[in-house]
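Notes follow once the structure below has been shown.
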Amino acid sequence: MGDAVREAGRLAAQDGAVLAAAVVDAGRWEVLHFSLWAHDTPKADGEVFQVLHLSAPGLAGLPRGRQW
């Protein structure tokens with residue numbers, strides 16, 4: 001999990017990153033990385049999906065950093 005946390009931190013520190021998370025799929029015991037970007041060219045490997053609208057009221061009030 002240390003590697004997964006470091007990768008999420010690396011993604012979150014990139015220009016244009018809105019959020020990055022690492023999660024464990026306990027059914028298949030694999031680590032998944034999820035990131036959301038403000039632009040259409042993310043600096044990460046994997047599948048890319050375009051989000052046409054994101055409603056984020058209260059976004060400014062959310063804390064930064066690890067949430068555990």
Side-chain angles (χ1 to χ4, degrees):
M1 282 311 299
D3 289 342
V5 170
R6 283 187 286 282
E7 177 62 9
R10 184 191 71 76
L11 289 172
Q14 298 293 321
D15 183 44
V18 175
L19 73 87
V23 297
V24 174
D25 178 349
R28 299 191 324 198
W29 288 106
E30 64 183 6
V31 177
L32 304 171
H33 293 276
F34 174 81
S35 56
L36 183 63
W37 298 82
H39 50 71
D40 60 356
T41 23
K43 297 176 179 160
D45 295 332
E47 295 182 54
V48 176
F49 299 92
Q50 183 180 19
V51 177
L52 298 176
H53 175 75
L54 179 65
S55 180
L59 179 63
L62 293 175
R64 294 187 59 89
R66 291 184 186 181
Q67 302 302 307
W68 71 83

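All residue numbers refer to positions in the sequence shown, counting from 1. These numbers were taken from a predicted model, which means no experiment stands behind them.
To the nearest 0.5 Å, atom CZ of residue Phe34 and atom CG of residue Leu11 are 11.5 Å apart. If you take CZ on Arg6 and CE on Met1, they are separated by 10.5 Å, rounding to the nearest 0.5 Å.
Between Ala8 and Ala21, the shortest heavy-atom contact is CB-C, 4.3 Å. Here the closest heavy-atom approach between residue Ala4 and residue His33 is recorded as O-CE1, 3.6 Å. A pairwise comparison of heavy atoms in Ala12 and Ala20 identifies N-CB, 3.8 Å as the closest pair.
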